[in-house]
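Everything on this sheet refers to the single structure shown next.
Note on naming: letters A, B, ... go to the chains in the order of the sequence lines (proteins, then strands), and numbering restarts at 1 for each one.
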Amino acid sequence: MDYKRLADLLFPNELKSPREYEEIYPKRNLPEGATVTRIGPSPTGFIHLGNLYNALIGERLSAQSGGVFFLRIEDTDSKRYVEGAVDVILSSMKFFGIEFDEGATVDGDNGSYGPYRQSLRKEIYHTFARELVLSGKAYPCFCGEDELEAMRNEQMAGKLNFGYYGKWAKCRDLSYEEIEAKIKNGEPYVLRFRSEGDENNRVEVFDGIRGTLSLQENYQDFVLLKSDGIPTYHFAHVVDDHLMRTTHVVRGEEWLSTLPIHVQLFDTLGWERPIYCHTAVLMKMDGETKRKLSKRKDPELALEYYRKEGYLPSCVTEYLMTVLNSNFEEWRAENPTAPIDDFKFTLEKMSNSGALFDLAKFDDVSREVLLRTPAEEIYEKLAEWAREYDPEFFKIFTADRDFSIKAISVGRSGDRPRKDLVNMSQARDFLSFYYRGTFKIEDEFPQNTDADMRREIISRYLDTLDFGDDKTAWFAKVRVIADDLGFALQPKKYKKNPELYNGSISDVSNVIRVALVGRTNSPDLWEISQVLGEDETRARLAKAAEL
RNA sequence: GGCUCCUUGGUCAAGCGGUUAAGACUCCGGCCUCUCACGCCGGCUACAGGGGUUCGAAUCCCCUAGGAGUCACCA
């Protein structure tokens with residue numbers, strides 16, 4: 001076979017040479033040990049936790065080593081392209097504090113290793129595809145969908161391995177004349193790789209997370225170029241990551257099975273393989289079994305979910321870090337206020353089994369992060385969140401900034417600060433009792449008290465209430481009321497001899513509590529009263545006495 | 001079915017041939033002179049199973065089982 005002739009037939013248009021591309025995209029001039037990483041999302045308009053998870057690893061790796069982290073849009077499948085998806089990717093990443101050194105932007109590229117959209121790199125791929133044809137490593141295949149399906153059925157029936165290989169690779173040895181005739185006849189074709197691999201051979205591949213892997217060599221004649229001339233993921237990945245000088249390919253473990261294809265391609269093109277880092281899939285408990293987080297069943301997979309619920313981006317990254325690196329929590333315990341960037345992230349400490357997404361743990365991390373966040377900042381975040389998701393509350397909440405900040409601050413000072421807030425939508429509900437517009441009696445008054453008793457408690461409380469008191473003086477008065485009205489001063493005493501009392505002091509304070517905040521559970525009443533102010537406090541109590 | 005990865009308590013996990021097998025979250029008790037939180041103290045619960053190698057195995061090897069991924073002109 002005259003490969004030169006075949007190459008000219010397949011690629012009639014003028015193309016740059018491989019040499020030229022090597023010069024256009026030279027080795028990067030970076031400090032020793034700098035890593036170049038990237039994420040390569042496809043623009044489907046859906047961006048999920050896994051994307052962020054991998055992005056975070058890449059970003060940490062490159063930022064810590066003085067390397068480069070870039071964004072490449074993998075839009076080789078025109079069927080799945082969604083308008084505006086690039087914008088979604090960029091803004092989602094930005095929301096979580098992930099910045100790119102170079103790559104695709106909303107309206108073009110930033111960086112000298114582009115284009116960063118695969119759909120714009122067709123000629124580059126063709127140059128190297130042509131190169132493979134020239135060396136006899138690639139050939140056109142005219143097998144259509146039906147033929148391939150028939151082949152598959154036959155393989156299934158015979159319990160053979162699926163795929164295009166060996167005797168099944170019908171187009172492997174077509175003559176030049178046959179090919180030319182078919183092409184002139186307008187028959188569509190794909191370009192396949194001519195694999196010289198053997199299914200009994202093994203390849204060793206080093207993985208940055210998993211160590212040395214031993215895999216079955218690829219023996220399939222996989223597709224390089226689809227019939228529209230656009231490359232498959234496999235081919236585009238190899239060409240791009242070589243030319244963009246990627247040093248570490250961070251991606252999900254679903255790529256492990258096609259890894260032999262990729263290294264085979266790197267090897268036959270004579271290029272140095274990048275260090276692959278295959279991350280574990282995020283799992284979730286579904287009844288008794290674990291399963292992959294699914295787009296349809298699990299809203300928490302979509303990054304949008306965290307925005308809607310009002311989780312702070314820093315909470316999500318903080319949680320992801322605890323899942324990513326086993327020593328992160330330990331580090332955080334020792335450095336409670338240090339910025340997350342100070343943590344030295346390492347691939348060695350990464351787990352290679354599927355991490356379960358644990359919402360309880362995530363909420364705990366969020367509480368912790370929110371506690372470290374200044375009240376002013378929470379105010380800003382909550383306002384920002386409410387403006388988008390609850391405009392009514394936004395008005396109420398932002399009407400008096402100082403008041404709202406005071407409300408947020410309740411219980412957060414001292415040796416044992418409360419961790420009341422988890423996310424912004426929960427914070428809105430939690431804080432709602434501070435505002436006239438959202439305050440309502442949600443819980444029942446204590447069962448030990450009837451309406452008369454409640455009126456009595458409230459009226460006495462109102463009589464003795466003095467906003468000049470400190471907390472101790474205030475509570476002493478509550479005790480007096482409780483004692484006078486026959487309530488045990490210690491809940492234990494009441495528990496032991498319920499017949500001797502009307503209830504315990506907790507019933508008394510809960511009457512006041514429900515009157516004041518509308519619920520039986522709340523932070524310290526005295527502090528809340530201080531925030532509400534004397535007028536509002538008295539008004540609420542007076543109104544409750546009428547119930 | 002082929003290929004591949006993974007397997008320490010309910011969950012996340014330390015552990016790299018000798019440990020009373022850490023820690024965190026959850027759950028359950030108890031304590032903190034008002035609830036709820038917070039905090040503190042305590043508790044439940046684990047090396048998937050079976051064979052080797054070794055004086056000694058959670059750790060090394062093999063087999064089995066379970067879970068997961070993948071087998072497209074999708075990424």
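Base-pair partner of B:G17: not found among the strands shown (Watson-Crick or G-U wobble, both distances under 3.5 Å). Nucleotide B:A72: unpaired (no Watson-Crick or G-U wobble partner with both distances less than 3.5 Å). Across all strands shown, B:C44 forms no Watson-Crick or G-U wobble pair with both key distances under 3.5 Å. Pair assignment for B:A24 gives B:U11, based on Watson-Crick or G-U wobble hydrogen-bonding distances that are each under 3.5 Å.
Residue A:S42 is in sugar-phosphate contact alone, with no base atom involved, counting any heavy-atom pair closer than 4.0 Å across all strands shown. If you check every strand for non-hydrogen atoms under 4.0 Å, A:D524 touches a base. Heavy atoms of A:K349 sit under 4.0 angstrom from primed sugar atoms or phosphate atoms, though from no base atom. No contact: A:T279 has no heavy atom under 4.0 Å from any strand.
Place A:D507 and A:Q216 on RNA chain B by their nearest nucleotides, and A:Q216 ends up nearer the 5' end. With RNA chain B read from its 5' end, the first of the two nearest nucleotides for A:P523 and A:N161 is the one closest to A:N161.
The shortest side-chain heavy-atom distance between A:T76 and A:T232 does not fall under the 4.5 Å cut-off.
Between A:E330 atom CD and B:A24 atom C1' there is a gap of 11 Å when expressed in whole angstrom units. Atom P of nucleotide B:C71 and atom CZ of A:F222 are separated by 14 Å, given to the nearest angstrom. In this entry the distance linking CZ of A:F362 with P of B:U26 reads 15 Å, nearest Å. Nucleotide B:A72 holds its P atom 20 Å from the CZ atom of A:F235, rounded to whole Å.
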Under 3.5 Å, N/O pairs linking protein and nucleotides 39-43 of chain B:
| residue | atom | partner | partner atom | Å |
| --- | --- | --- | --- | --- |
| B:G39 | OP1 | A:K419 | NZ | 3.1 |

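In this structure, A:R152 satisfies the cation-pi test against A:F162, with its NZ or CZ atom closer than 6.0 Å to the six-membered ring centre and inside 45 degrees of the ring normal. Geometrically, A:R192 engages A:Y164 in a cation-pi contact defined by less than 6.0 Å to the ring centre and at most 45° from the axis. Under the 6.0 Å distance and 45° angle rule, A:R38 does not count as a cation-pi partner of A:F70.
Between B:C73 and A:R192, a contact under 4.0 Å exists linking OP1 or OP2 to a side-chain N or O. Taking 4.0 angstrom as the limit, A:K493 places none of its side-chain polar atoms (N or O) nearer than this to OP1 or OP2 of B:U33. Proximity of A:R152 to the phosphate of B:C71: no side-chain N or O atom is located under 4.0 Å from OP1 or OP2.
A donor-acceptor pair shorter than 3.5 Å can be found between the side chains of A:T279 and A:N54.
Counting only heavy atoms from C-beta on, A:L256 has its side chain closest to B:U4 among B:C25, B:C74, B:U4. Which of B:C73, B:U33, B:U4 sits closest to the side chain of A:L215 comes down to B:U4. Residue A:S506 places its side chain closer to B:U35 than to any other of B:C74, B:A37, B:U35.
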List, one per line, each side-chain donor-acceptor pair under 3.5 Å for residues 327-336 of chain A, sequence neighbours excluded.
| residue | atom | partner | partner atom | Å |
| --- | --- | --- | --- | --- |
| A:E329 | OE1 | A:K361 | NZ | 3.3 |
| A:E329 | OE2 | A:K361 | NZ | 2.9 |
| A:R332 | NE | A:E318 | OE2 | 2.7 |
| A:R332 | NH1 | A:N335 | O | 2.9 |
| A:R332 | NH1 | A:P336 | O | 3.3 |
| A:R332 | NH1 | A:A338 | O | 2.8 |
| A:R332 | NH2 | A:E318 | OE1 | 3.1 |
| A:R332 | NH2 | A:A338 | O | 3.3 |
| A:N335 | ND2 | A:W331 | O | 2.9 |

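Rounded to the nearest 0.5 angstrom, A:R273 CZ and A:Q264 CD are separated by 10.5 Å.
Spacing between B:G50 and B:A58 at atom C1', rounded to whole Å, works out to 16 Å.
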